[in-house]
Protein chains: 2
Amino acid sequence: MTTATFAPRGDTRAIEQGDEFQPKLDADGLIPAIVTDALSGEVLMFAWMNAEALALTIATRKAHFWTRSRKKLWLKGEESGNVLIVEDMRTDCDQDVVWLRVSVQGNGVACHTGARSCFYRSVTLGREAGPGLPLERKS
Amino acid sequence: MTTATFAPRGDTRAIEQGDEFQPKLDADGLIPAIVTDALSGEVLMFAWMNAEALALTIATRKAHFWTRSRKKLWLKGEESGNVLIVEDMRTDCDQDVVWLRVSVQGNGVACHTGARSCFYRSVTLGREAGPGLPLERKS
């Protein structure tokens with residue numbers, strides 16, 4: 001696949017109120033992607049897409065990402081079987097983030113640790129932040 | 001407030017399975033924050049926090065962010081009255097993202113455009129990505 005090219009960015013009105021997808025990729029060519037479970041609404045994971053991952057996700061409805069650590073394109077679930085089927089993809093007012101509502105295939109696990117969601121710990125609130133601030137495991 | 005200092009990053013086991021908050025800030029000193037409605041589960045907005053915004057959010061339970069465009073700390077809702085009260089804050093396996101479940105005060109609007117959520121448009125799926133790819137307004 002050749003490098004995907006999206007529409008150029010328009011003015012503020014086109015970006016915020018327009019009906020053309022004009023995604024903003026950051027200085028590294030990446031856009032943040034929030035992934036939630038289409039049924040429960042739970043946030044499952046957060047990752048990054050480059051233009052190719054974004055285009056492949058749109059065309060195939062299977063979530064693709066760019067791993068910043070391994071610097072490669074990544075079809076989520078390619079090895080584990082936990083492919084993310086995209087039911088709906090939203091973008092925000094600034095068109096610099098995407099939100100994917102997905103169905104998790106396979107055994108329903110989205111996190112590499114084996115947890116259903118990557119967000120399995122809560123941060124203690126109402127305290128001064130600093131070393132020793134506890135996390136509480138939720139699932 | 002002096003610059004907030006969090007626990008240093010431990011090894012992979014401490015980060016992924018530990019019970020101490022060891023957030024990773026990026027090269028710009030920022031961490032991404034996903035904000036969802038505590039009742040509906042809808043993603044309301046996505047923004048960035050620096051260490052001070054993160055510490056203030058934890059201590060006060062009111063969501064604070066760092067605006068990259070205006071380069072300043074920002075109590076969300078300070079002007080609009082739409083303060084975000086944090087019911088739960090999660091971090092992910094890598095501790096490099098936070099997810100806030102919030103109650104929106106005031107008139108319940110989270111987006112500067114006046115929309116309840118910033119994510120009011122869907123991207124067309126199942127098509128080749130490129131210029132002209134339509135967005136569909138959802139609310």
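Note that these values count all heavy atoms, side chains included, but never hydrogens, waters or copies made by symmetry. Numbers restart at 1 for each chain; the letters A, B, ... are given by sequence-line order, proteins then strands.
- Interface residue A:Arg61: only side-chain heavy atoms are found under 4.5 Å from chain B.
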- request: Determine, stepwise, if the pair A:Arg137 / B:Gln17 fulfils side-chain hydrogen bond (donor to acceptor under 3.5 Å, both in side chains).
  value: CA-CA 9 Å; A:Arg137 182 168 284 262; B:Gln17 304 301 335; 2.5 Å; yes

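- Here the side chains of B:Trp66 and B:Lys71 are in contact, with some heavy-atom distance below 4.5 Å.
- The residue among A:Asp19, A:Leu135, A:Thr124, A:Ile58 with the most heavy atom pairs within less than 4.5 Å of chain B is A:Leu135.
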field: A:Asp37 and A:Val102: CA distance, side-chain angles, deciding distance, side-chain contact (heavy atoms from CB on, under 4.5 Å) verdict
entry: CA-CA 5 Å; A:Asp37 186 295; A:Val102 307; 5.8 Å; no

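- Chain A forms the most heavy-atom pairs under 4.5 Å with one residue out of B:Pro131, B:Ala7, B:Gly132, and that residue is B:Pro131.
- With a 4.5 angstrom heavy-atom cutoff, A:Glu42 touches chain B via backbone and side-chain atoms both.
- With chain B as the partner, the residue from A:Pro8, A:Ala129, A:Pro23, A:Cys93 showing the most heavy-atom pairs under 4.5 Å is A:Cys93.
- In terms of heavy-atom pairs under 4.5 angstrom with chain B, the leader among A:Gly18, A:Ala115, A:Pro32 is A:Gly18.
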task: Test side-chain contact (heavy atoms from CB on, under 4.5 Å) on A:Met45 and A:Phe65 and set out the steps.
output: CA-CA 11 Å; A:Met45 57 179 288; A:Phe65 302 102; 3.8 Å; yes

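- In terms of heavy-atom pairs under 4.5 angstrom with chain B, the leader among A:Glu20, A:Met89, A:Arg121, A:Glu136 is A:Arg121.
- A salt bridge links A:Arg90 with A:Asp88: the closest approach of a Lys/Arg side-chain nitrogen to an acidic carboxylate oxygen falls below 4.0 angstrom.
- Heavy-atom pairs under 4.5 Å with chain A peak, among B:Phe6, B:Phe46, B:Phe119, at B:Phe119.
- The candidate with the highest count of non-hydrogen atom pairs below 4.5 Å against chain A, out of B:Val86, B:Thr91, B:Asp94, B:Val98, is B:Thr91.
- Taking B:Thr113, B:Val43, B:Leu133 one by one and counting their heavy-atom pairs under 4.5 Å with chain A, the maximum is reached by B:Val43.
- Under a hydrophobic clustering in which Ile, Leu, Val, Met, Phe, Trp and Tyr are joined whenever their side-chain heavy atoms come within less than 4.5 Å, directly or via other members, B:Met49 and A:Val97 fall into different clusters.
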message: For a side-chain contact (heavy atoms from CB on, under 4.5 Å) check, start with the C-alpha distance between A:Ile31 and A:Asp26, then their side-chain angles and the critical distance, and finish with the verdict.
response: CA-CA 6 Å; A:Ile31 188 168; A:Asp26 69 14; over 6 Å; no

